[in-house]
Amino acid sequence: MRLSRYYIPTLKEDPADAEVVSHKLLMRAGMIRKLTSGIYNYLPLGLRSINKVGQIVREEMDRAGALEVLLPMVQPADLWKETGRWEYYGKELLRFKDRHDRDYCLGPTHEEVITDLVRGEIKSYKQLPVNLYQIQTKFRDEIRPRFGLMRGREFIMKDAYSFDKDEAGAEESYFSMFNAYKAAFSRIGLRFKPVQADSGAIGGDFSHEFMVLAETGEDTIASCLHCDFAANLEKAKVKAPANASIDESAVPPMEEVATPGAHTVEEVCDFLKISADKLVKTMLFVVDGKPVAGLVRGDRELNDVKLRNLVGGNEIELADEALVRKLTGAPVGFAGPAGLDPEVPVYADHELLAATDWVAGANKGDAHVLHLALGRDCEIVKYADLRVIEPTDACPECGGKIEFTKGIEVGHVFKLGLKYSKKMEATFLDENGKSQYMIMGCYGIGVSRIVASAIEQNNDENGCCFPPSIAPFEVCLISLGGKDQDVADKAEELYAELQKLGVDVAFDDRNERPGVKFAEADLIGYPMQLVLGGKGLKNGIIEAKDRKTDEKIELPLDTFAASFADWRNRIWNNWGLQTP
RNA sequence: CGGGAUGUGGCUCAGUCUGGUAGAGCGCUGCGUUCGGGACGCAGAGAUCGGAGGUUCAAAUCCUCUCAUCCCGACCA
C-alpha cells in the first residue's frame, strides 16, 4: 500500500476529549474518529488493526472447532421476554419500535438469538456438541462510556456459544475455549492473565476473565505471589478467620449512646474514640426487589457481589435514602443489626465471629449502641465471606502473600449451564429418547478493546509501538527520495520485493520532508521501519529500525531479501511471536 | 441520575471577569525556497463564537432555558 494514496489523518496535538493514552494515540494516529459519545468511526488504519485481531481470534476459534455465523444486530423483544431479560437487562439495552409498533432492541449479546436458532435446528444428541461464534458489532447503552475504544457503547465483539449434551461435554467445551483464548491472546502479543471471575447468580465456579495488565484498567486483580491464584477483586474469596471461641456472656448489656451528626465510620470512631475494627458496619441493599442487610467490620468493605450470590439474587443495589429511613426509622448513617425491621434478613461477614462487644448503629437518628453481641442481640441469617479482599489478606488458596494489579478485561469465558436452555426450551433427545436441556457456555472477546489495550501496553512518548501481529502494517518503507530519482527507483524496487515476500508493507512514497515521515511512522507505530536515503543507497545499505526498542541496524541491499527476513524474525521473536 | 468542567474556523487554544470592528498556532489552497527527525517566506480560503430566548444603543462576553462533550460519583452507613 502506498501512503501517497492512503488516508491517515494524523494529529499533532492530543484531542481535548481524550484522557487515556490509547484514546489519544488512536485519534492522533488517524485510526479512529468519534461520531458521538461512545461511538466511533474506524478509519482505514484502525480497521486494519481490528481486522488483524479478528483474524487471529477467528483462526483460534476455528482451530477449537467453533463455527462462524453472523446473527442479526436487531432482535425482537419476544425472545428477551422469554428469558426475562427484557425486564432485567436494564437501561443498557437499547430498545425501539418498528413501524408496526413492535418492540425490538439492539443486541448487546446474543444468548437469546443463538438459543432460539439452535433449539429450532438441533433435536438429537447426535448433533451435539456444537459451538457457534460470530464477530460482530454490539451495542450496549453504557451508563458512562469512556476512554475511547476501551468502553464504547458500540464495539466489536467475538461471541461464542457452546451447546452440550452433558456436564462432561460442557466442561470440555469450556476449557477448549479457555485454551483457545490463551492461544489467541498470546498470538496477539498481549501480556495477560486469566483470573477467576464472578459467575453471578447462575452458580458454578466456571467463569474466568482474561485481563490485560495495564495501569488504566478498570478492574482490580488480586493474585498470589506464590501459587496460581488470581481473581477479580469482586470474586476473590477471603479466608475465614481461625475459629475463635468468643464468650458473649461477658459482654455488658447493650447501651445506647448519642452520636450527634456522626454518620460515617470515621465520624463515629472519632466521636467515641474507638478504632474502626470495633465497629459493625450495617449496609442495606435491595436484592431483586427485597431488602437485605449485610454486616462487615467497620474498617472493611462489603463486597456486594458476594452478598448477592449468598442471597441467590440477580440484581443488587444499595437501598436509597427513603428505604433506609423506612427500615431503620433513622436517616442514613445509623443503621444497625439490632432493632432493624424484622423483615430484613441480616447476613454477616464471617470475620465478625472472631470478636464480640461491638459498636453499631442504633436505628435511631444521632445514636449508636455499645456492647452489641451479635448472637445475643440480633438474628443473623448466616455468617459468610462478604467482604472485599485487601492487599494485606492472605491468599485464600495457599495462605501466601497477594498483590493487587489493574487489568483490562478483554475476554470472558462463562459456563451458563441451563439458564437459557430451560427458559427457552432448548432441548434434545438423548440416547434413551428422553428430552434433555442443552448445557450452554458463552465466551466473549472484546476485539476493538484489544486494539486499545495493546496500545495501553505498548507506547512511548512518540506514539504507538504495536506488536507486529496486529499492527495496521508490519513494515513502513520510508523513501527519502525527494528529487533523487535513484533513491525513488530503488525504493519502488524494494517495495515490490517486500510485497513479493508476502510482507504487509506501507510504502511512504509521499512527497513529504523526512521529519514528517519519521514522526508519523513513530506515531502510528509500525513495528519495523525501513529507511532508504541517498547516502545509504550509495553505500549499498538500507536502515532498519525496531520501533519498540529503537534499535537501528543496516541491511545490505545486495542481499536484502535474506537479511530482511533475518531481521524480521528477530523482531517477531523479541515480541515472543512467531513470524508468519 | 447526582456533582464538576468545557463548548469560539478542520484541530489545539486565547478573548468572557470589566459588553464596543472575532484572534493566534497547527492544518488546508496557490506560488517560491527547502529536503535525514512534525521546514521557511509570500498570498489566500475558512467562524453568524453549540442552540433558543432575554437584558442593552450595542452581547462570544451579562441573565434564563436548552443541547452536546469530557471528568468524578452513582456501594462504605
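These figures come from a predicted structure and were not determined experimentally.
- Residue A/Lys545 is classed as a base contact, given a heavy-atom separation below 4.0 Å to a base.
- Within 4.0 Å (heavy atoms only), A/Lys34 reaches sugar-phosphate atoms of the nucleic acid but no base atom.
- Side-chain contact of A/Asp522 with A/Gln529: a donor-acceptor pair under 3.5 Å is present, judged by distance alone.
- The separation between A/His23 atom NE2 and B/rC11 atom P is 14 Å, rounded to whole Å.
- B/rG7 and B/rG51 are spaced 11 Å apart, taking the C1' atom of each and rounding to whole Å.
- If you check B/rG38, B/rU34, B/rC71 against the side chain of A/Phe147, the one that comes closest is B/rC71.
- Here A/Arg387 lies out of heavy-atom contact (under 4.0 Å) with every strand.
- With B/rA77, B/rG38, B/rG36 as the candidates, the nucleotide lying closest to the side chain of A/Val324 is B/rA77.
- The residue A/Gly361 sits apart from the nucleic acid: no heavy atom pair falls under 4.0 Å.
- Comparing B/rA77, B/rG38, B/rC13 against the side chain of A/Leu284 picks out B/rA77 as the nearest.
- The NZ atom of A/Lys517 sits 13 Å away from the P atom of B/rA39 (whole-angstrom rounding).
- Nearer the 5' end of RNA chain B, as judged by each residue's closest nucleotide, is the contact made by A/Leu480, out of A/Leu480 and A/Phe334.
- Distance check on atom C1': B/rA58 versus B/rC42 gives 38 Å, rounded to whole Å.
- Nucleotides B/rG23 and B/rG46 are separated by 14 Å at their P atoms, to the nearest Å.
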Practice item. Give the C-alpha distance, both sets of side-chain angles, the deciding distance and a yes or no for side-chain contact (heavy atoms from CB on, under 4.5 Å) between A/Ile542 and A/Glu554. Key: CA-CA 6 Å; A/Ile542 183 168; A/Glu554 296 181 342; over 6 Å; no

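- With a 3.5 Å ceiling on both atom-pair distances, the Watson-Crick or G-U wobble partner of B/rU12 is B/rA24.
- With rounding to whole Å, A/Arg33 atom CZ is found 16 Å from B/rU69 atom C1'.
- Of the side-chain N and O atoms in A/Ser37, one or more sit less than 4.0 angstrom from OP1 or OP2 of B/rC70.
- Counting to the nearest Å, the C1' atom of B/rC35 and the CZ atom of A/Arg510 are 14 Å from each other.
- Applying the Watson-Crick and G-U wobble criteria (two distances, each under 3.5 Å), B/rG19 pairs with nothing in any strand.
- As judged by a 4.0 angstrom heavy-atom cut-off over every strand, A/Thr36 is placed among residues touching the sugar-phosphate backbone only.
- Rounded to whole Å, atom P of B/rG36 lies 12 Å from atom NZ of A/Lys538.
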Review point. What's the verdict on side-chain contact (heavy atoms from CB on, under 4.5 Å) for A/Lys545 and A/Met528, showing C-alpha distance, side-chain angles and the deciding distance?
Key: CA-CA 6 Å; A/Lys545 171 174 143 176; A/Met528 298 171 237; over 6 Å; no

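- For the residue pair A/Asp509 / A/Ser4, a side-chain donor-acceptor distance below 3.5 Å is found, with atom types taken as modelled.
- Searching all strands for a Watson-Crick or G-U wobble partner of B/rG73 with both distances below 3.5 Å returns B/rC1.
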Could I get a table of every N or O pair under 3.5 Å where one atom is in the protein and the other is in nucleotides 74-76 of chain B?
unit_1, atom_1, unit_2, atom_2, d
B/rC75, N3, A/Leu302, O, 3.1
B/rC76, O2, A/Lys281, NZ, 2.9
B/rC76, N3, A/Glu301, OE1, 3.4
B/rC76, N4, A/Glu301, OE1, 2.4

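- As rounded to whole Å, 14 Å separates atom C1' of B/rC35 from atom CG of A/Asp508.
- A/His412 and A/Phe414 have tilted rings, their planes meeting at an angle from 30° to 60° on a 0 to 90° scale.
- Look at B/rG46: it lacks any Watson-Crick or wobble partner with both distances under 3.5 angstrom.
- Set against B/rG38, B/rG36, B/rG73, the side chain of A/Val531 has B/rG36 as its closest nucleotide.
- With a 4.5 Å cut-off on side-chain heavy atoms, A/Leu374 and A/Leu352 count as touching.
- Side chains of A/Thr220 and A/Lys406: a donor-acceptor N/O pair is present below 3.5 angstrom, by distance only.
- Taking atom P on both nucleotides, B/rG27 is separated from B/rU12 by 15 Å, rounded to a whole Å.
- Atom P of B/rC31 sits at a distance of 23 Å from the matching atom of B/rA47, rounded to the whole Å.
- For the P atom pair drawn from B/rC11 and B/rU69, the interatomic distance equals 15 Å after rounding to whole Å.
- Classification of the A/Trp80-A/Tyr89 ring pair by plane angle, with boundaries at 30° and 60°, yields perpendicular.
- No side-chain heavy atom of A/Ile39 sits under 4.5 Å from any side-chain heavy atom of A/Pro145.
- What separates CG of A/Asp320 from C1' of B/rG2 is a distance of 14 Å, to the nearest Å.
- Using a 4.0 Å heavy-atom criterion, one finds that A/Pro15 contacts the sugar-phosphate atoms exclusively.
- Between the P atoms of B/rA24 and B/rG41, the separation comes to 15 Å (whole Å).
- No side-chain donor from either of A/Asn574 and A/Lys548 sits under 3.5 Å from a side-chain acceptor of the other.
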Would you tabulate the pairs of protein nitrogen or oxygen atoms and nucleotide nitrogen or oxygen atoms of nucleotides 25-27 of chain B closer than 3.5 angstrom?
unit_1, atom_1, unit_2, atom_2, d
B/rG25, N2, A/Glu13, OE1, 3.4
B/rC26, O3', A/Lys12, NZ, 3.3
B/rG27, OP1, A/Lys12, NZ, 3.3

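- Nearer the 5' end of RNA chain B, as judged by each residue's closest nucleotide, is the contact made by A/Lys91, out of A/Leu523 and A/Lys91.
- In this structure, A/Phe285 and A/Asp304 have side chains that are in contact, with non-hydrogen atoms separated by less than 4.5 Å.
- Between A/Arg140 and A/Arg153 there is no side-chain heavy-atom pair separated by less than 4.5 Å.
- For B/rG7, the paired base is B/rC67 (Watson-Crick or G-U wobble, both distances below 3.5 Å).
- Under the 4.5 Å side-chain criterion, counting only non-hydrogen atoms from C-beta, A/Leu530 is in contact with A/Val475.
- The base of B/rG38 does not come close enough to the side chain of A/Glu512 for any donor and acceptor atom to sit less than 3.5 Å apart.
- Rounded to the nearest Å, the gap between the P atom of B/rU21 and that of B/rC49 is 15 Å.
- Look at CD1 on A/Ile39: it is 14 Å from C1' on B/rA68, rounded to the nearest Å.
- When both distances must be under 3.5 Å, the Watson-Crick or G-U wobble mate of B/rG41 is B/rC31.
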